[in-house]
Amino acid sequence: MAFVSQIEASRRSSSRIGDSSIVVTQSFKESTNAQELSVRVTSSLLGKAGLKIGDSVDVLHDPDEELWMISVMPGGLKITGKEGAPTGLIRYTLKDGHARFTDEKEHLPIRKSSIDESLKVSMGQIIFKLN
């Protein structure tokens with residue numbers, strides 16, 4: 001006999017993140033006339049990297065390899081969210097020099113999910129590819 005959790009399946013399908021461990025969204029915020037990048041990461045993946053809500057990190061992009069990295073950085077961007085929530089959020093306003101999916105706001109929002117087979121997790125660091 002094997003018991004299968006019904007809660008896990010319910011949370012996954014209703015989650016903003018779906019079945020991926022990381023979802024990155026570029027959006028346009030009318031109120032500030034600015035574009036934002038939001039990186040939503042499952043709490044379980046954050047935990048594997050020794051990260052939690054409230055920690056400070058940097059979001060890095062390697063355009064040659066099309067890789068992204070979340071890495072601990074004192075004084076960096078805060079991972080926000082509620083304790084016990086299924087995901088943590090890193091959000092920032094896009095400025096010149098920031099990696100982005102498009103420069104044309106009429107194509108926004110654009111949402112991309114992680115290719116979970118590409119995940120490389122170590123203490124304080126998560127490297128991933130997006131679809």
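Predicted model only: the values in this text are computed from it and were never measured.
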Specify the closest pair of heavy atoms between [X] and [Y], including all atoms of both residues, with the distance to one decimal.
X	Y	result
Ala85	Ser43	O-OG, 2.5 Å
Glu83	Ile53	OE2-CB, 3.9 Å
Ala99	His61	CB-ND1, 3.5 Å
Ser27	Pro109	CB-CB, 4.2 Å
Asp55	Gly50	OD2-O, 4.0 Å
Gly88	Ile79	CA-CG2, 4.0 Å

Over 12 non-hydrogen atoms of neighbours within 6.0 angstrom of CD in Glu66 | yes
Quick one: pull up [atom1] in [X] and [atom2] in [Y] and give me the separation to the nearest 0.5 Å.
X	Y	atom1	atom2	value
Leu45	Ile126	CG	CD1	4.0 Å
Ile90	Leu37	CD1	CG	10.0 Å
Met69	Gln125	CE	CD	5.0 Å
Thr93	Gln35	OG1	CD	10.0 Å
Leu77	Leu89	CG	CG	10.5 Å
Arg111	Ser20	CZ	OG	10.5 Å

Would you call Ile22 and Leu119 a side-chain contact if the rule is heavy atoms closer than 4.5 Å?
-> yes
Any side-chain heavy atom of Phe28 within less than 4.5 Å of one from Asn33?
-> yes
Residues that His107 engages under ring pair (Phe, Tyr, Trp, His ring centres under 6.0 Å), provided they are two or more places apart = none
With sequence neighbours excluded, residues passing ring pair (Phe, Tyr, Trp, His ring centres under 6.0 Å) with Tyr92 | His98
Could you go step by step and tell me if Thr80 and Arg91 meet the side chain to side chain contact (heavy atoms under 4.5 Å, CB included) rule?
-> CA-CA 8 Å; Thr80 61; Arg91 182 184 320 189; over 6 Å; no
Shared hydrophobic cluster, Ile115 / Leu60 (ILVMFWY, side-chain heavy atoms < 4.5 Å) | no
ILVMFWY network linking Val121 to Val39, side-chain heavy atoms under 4.5 angstrom = yes
Answer yes or no: is there a donor N or O on one side and an acceptor on the other, between the side chain of Asn131 and the main chain of Ser113, under 3.5 Å?
-> yes
Under the side chain to side chain contact (heavy atoms under 4.5 Å, CB included) criterion, do Val24 and Phe128 qualify, and how do the steps go?
-> CA-CA 11 Å; Val24 180; Phe128 59 98; 4.1 Å; yes
What do the steps show when you test Lys129 against Leu67 for side chain to side chain contact (heavy atoms under 4.5 Å, CB included), and what is the final call?
-> CA-CA 5 Å; Lys129 257 189 174 182; Leu67 291 172; 3.5 Å; yes
Hey, mind stepping through Ile127 and Asp62 against side chain to side chain contact (heavy atoms under 4.5 Å, CB included) and telling me if it holds?
-> CA-CA 10 Å; Ile127 298 174; Asp62 178 343; over 6 Å; no
Name of the residue among Lys105, Glu36, Arg100 meeting side chain to side chain contact (heavy atoms under 4.5 Å, CB included) with Gln26 | Arg100
